[in-house]
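Structure below; questions to follow.
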Amino acid sequence: MLQFRYSKEPPFWNLSSLEIMAIIVGPTAFVCAIIMVYYFCRTSKQSRGGLHHHLQHGEDSIEAPDHPILKGVSLKHMIEMTTSGSGSGLPLLVQRSIARQIQLVESIGQGRFGEVWRGRWRGENVAVKIFSSREERSWFREAEIYQTVMLRHENILGFIAADNKDNGTWTQLWLITDYHEYGSLFDFLDRNVMDTGEMIKMALSIATGLAHLHMDIMGTQGKPAIAHRDLKSKNILVKSNGTCAIGDLGLAVRHDITTDTVDIPLNNRVGTKRYMAPEVLDETMNVYQFDSFKRADVYALGLIFWEITTRCNVGGIYDEYNLPFYDAVPPDPAIEEMRRVVCIEKQRPNIPNRWQSCEALHVMSKLMKECWYHNATARLTALRIKKTLSNFRASEELKM
Ligand SMILES: Nc1ncnc2c1ncn2[C@@H]1O[C@H](COP(=O)(O)OP(=O)(O)O)[C@@H](O)[C@H]1O
Ligand SMILES: *[C@@H]1O[C@H](CO)[C@@H](O)[C@H](O)[C@H]1NC(C)=O
Ligand SMILES: *[C@@H]1O[C@H](CO)[C@@H](O)[C@H](O)[C@H]1NC(C)=O
Ligand SMILES: *[C@@H]1O[C@H](CO)[C@@H](O)[C@H](O)[C@H]1NC(C)=O
Ligand SMILES: [Mg+2]
């Protein structure tokens with residue numbers, strides 16, 4: 001009897017490990033899907049109450065204990081759940097319902113198109129960029145770029161939602177992203193200095209973000225190459241662990257790989273004059289070739305690396321924080337002034353001698369020089385910069 005029982009195994013053990021996996025994973029995925037559908041239905045129902053309902057009941061009312069399933073579902077999880085497939089953002093209805101539940105708390109920034117606010121969504125901080133209805137095209141374009149398939153990356157500012165709010169006479173256009181309490185790289189460098197390890201980590205994160213933006217990835221899991229066109233320290237956010245995320249994609253252009261062209265009709269000289277590459281300033285850039293825009297981004301990256309490196313503290317020595325060309329042009333310089341300094345006199349930010357005596361500073365100064373060559377085709381690519389920095393960091397780790 002015993003022998004019979006043991007030799008004739010129960011059918012379950014005859015299944016291959018693949019089949020066992022299918023038995024376990026299948027129902028689990030099904031249950032998860034049900035939970036998600038339920039969750040989104042609840043969210044859109046609540047949004048009908050609108051902003052007023054939300055304001056009346058305070059910010060905790062929605063996370064009430066009678067909705068246990070909503071507890072602990074953060075924005076991050078929600079976005080991960082819905083975007084792991086296509087990577088192009090939350091469904092529009094979900095975006096809208098999130099936007100309608102946000103309370104604005106304080107104004108944190110002012111840029112080209114209006115104000116940026118810190119807002120709260122169910123106890124989480126979010127950043128809300130508010131455009132007026134006159135800037136609808138800018139708002140639409142930025143939201144469109146952020147929702148480019150497969151753009152999401154830890155070094156690109158995380159997009160959450162876009163919505164338009166109409167109160168009858170006035171339309172406000174909202175663009176909601178992750179909030180970073182350190183603010184822009186400009187603000188961070190103004191207030192902080194770093195050691196060499198932190199400097200390399202920060203520079204590497206920006207190069208990694210730019211390399212991802214610039215990369216054409218083919219296939220269904222692919223993304224088009226994107227050029228930023230307004231890269232500068234005010235358009236980069238600093239995260240709590242000292243790595244960065246590239247933001248303000250409002251002026252970006254995408255590469256149409258089938259025709260090798262740029263995706264919008266060209267308004268050829270946009271961006272911030274101080275950070276414009278020589279070929280942009282003197283209008284010699286080939287605006288029909290997508291790579292030209294990437295090279296202009298790399299030039300600006302060189303200036304940003306210089307800003308970061310001036311704030312690296314080695315043996316108690318570092319510089320005051322200044323914008324590039326602070327000593328060559330006035331605040332808010334004209335194109336003509338920039339062109340004289342950058343194209344004719346071929347000036348670049350000063351590289352102090354002491355940067356040659358420390359290996360990390362030396363690596364950074366070599367990279368920035370190779371970013372800001374007058375000859376655009378001679379400049380490094382973002383991918384090359386990323387690899388150089390990541391190799392350098394690995395070799396430093398080996399030494400320790
Ligand atoms: N996600 C964010 N977290 C924290 N601060 C932000 C965030 N987004 C923008 N800011 C602040 O607002 C400023 C303007 O934002 P930005 O997106 O560059 O707007 P604009 O297109 O008007 O220049 C930034 O320089 C930064 O100081
Ligand atoms: C709509 O909002 C604008 C700006 O916030 C305000 O000036 C205006 O009075 C509002 N209109 C109504 C009808 O509430
Ligand atoms: C920084 O934090 C992000 C999450 O916000 C994480 O993915 C990343 O690995 C961290 N990087 C470093 C170098 O600590
Ligand atoms: C620019 O750099 C490229 C690559 O290094 C080189 O082939 C080309 O001759 C240079 N052009 C000029 C005008 O110097
Ligand atoms: Mg900006």
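First listed ligand is number 1; within each ligand, the first listed atom is number 1.
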The atoms of ligand 4 lying under 4.0 Å from a heavy atom of Thr377, numbered in the order shown, are 1 (C), 2 (O), 3 (C)
Ligand 1 atoms nearer than 4.0 angstrom to some heavy atom of Ala127 are 1 (N), 2 (C)
Among Leu237, Asp178, Thr272, the residue with a heavy atom nearest to atom 1 (N) of ligand 1 is Asp178
Does His228 use its side chain to pair, donor to acceptor, with the backbone of Ile246 at less than 3.5 Å? no
What I want to check is whether the side chains of Arg295 and Asn375 have a donor and an acceptor closer together than 3.5 Å. no
- Look at the aromatic rings of Tyr146 and Phe159 and report parallel, tilted or perpendicular, splitting at 30° and 60°. parallel
Protein heavy-atom contact under 4.0 Å for atom 14 (O) of ligand 4? yes
Does a donor on one side chain and an acceptor on the other come within less than 3.5 Å for Gln95 and Gln147? yes
Under 4.0 Å from one or more heavy atoms of Asp187, ligand 1 contributes atoms 27 (O)
- Message: Hydrogens and angles aside, do Asn155 and His212 bring a side-chain donor and acceptor to less than 3.5 Å of each other?
- Response: no
the protein heavy atom lying closest to atom 4 (C) of ligand 1 turns out to be His180 O, 3.2 Å
Ranked by distance from atom 23 (O) of ligand 1, the top protein heavy atom is Asp248 OD2, 3.0 Å
Ring-plane angle category for Trp306 and Tyr326, please: parallel below 30°, perpendicular beyond 60°, tilted otherwise.
parallel
Check your understanding: Hey, is ligand 1 close enough to Arg112 that some N/O pair sits below 3.5 Å?
Key -> yes
for atom 9 (O) of ligand 4, nearest protein heavy atom and its distance come out as Asn375 ND2, 4.8 Å
**Item:** Crowding at CZ, Arg134 (>12 non-hydrogen neighbours, <6.0 Å)
**Value:** no
Please say whether the positively charged group of Lys165, taken as NZ for Lys or CZ for Arg, lies over the ring of Trp174, i.e. under 6.0 angstrom from the six-membered ring centre and within 45 degrees of the axis.
yes
for atom 5 (N) of ligand 1, nearest protein heavy atom and its distance come out as Ile108 CD1, 3.6 Å
Numbered in order shown, the ligand 1 atoms found under 4.0 Å of a heavy atom of Lys129 are 16 (P), 17 (O), 19 (O), 20 (P), 21 (O)
**Asked** Do you see a donor-acceptor pair shorter than 3.5 Å between the side chains of Thr272 and Asp230?
**Response** yes
Nearest non-hydrogen protein atom to atom 5 (O) of ligand 4, with distance, is Ala378 CB, 3.9 Å
Item to complete: Determine whether the side chains of Asn192 and Arg311 contain a donor N or O and an acceptor N or O closer than 3.5 Å.
Response: no
Atom 26 (C) of ligand 1 sits nearest the protein heavy atom Ser184 CB, 4.0 Å
Kindly say whether the aromatic ring centers of Tyr321 and Phe186 come within a distance under 6.0 Å.
yes
Review point. Would a search of protein heavy atoms around atom 2 (O) of ligand 4 find one under 4.0 Å away?
Key: yes
protein heavy-atom neighbour closest to atom 14 (C) of ligand 1 works out as Val116 CG2, 3.8 Å
Among N, O or S atoms, Asp248 approaches the Mg ion (ligand 5) most closely through OD2
Lys234 heavy atoms within 4.0 Å reach ligand 1 at atoms 24 (C), 25 (O)
Quiz item: Would a 4.5 Å heavy-atom cut-off, applied to side chains only, mark Ser184 and Asn235 as touching?
Solution: no
The atoms of ligand 1 lying under 4.0 Å from a heavy atom of Gly109, numbered in the order shown, are 12 (O)
In ligand 1, the atoms that come under 4.0 Å of a heavy atom of Thr177 are 1 (N)
Taking atom CD of Glu397 as the centre, does the number of heavy atoms from other residues, nucleotides or ligands within less than 6.0 Å exceed 12?
yes
Does the N or O separation between Tyr179 and ligand 1 drop below 3.5 Å for any pair? no
Practice problem: State whether the shortest distance between N or O atoms of Asn235 and N or O atoms of ligand 1 falls below 3.5 angstrom. | Solution: yes
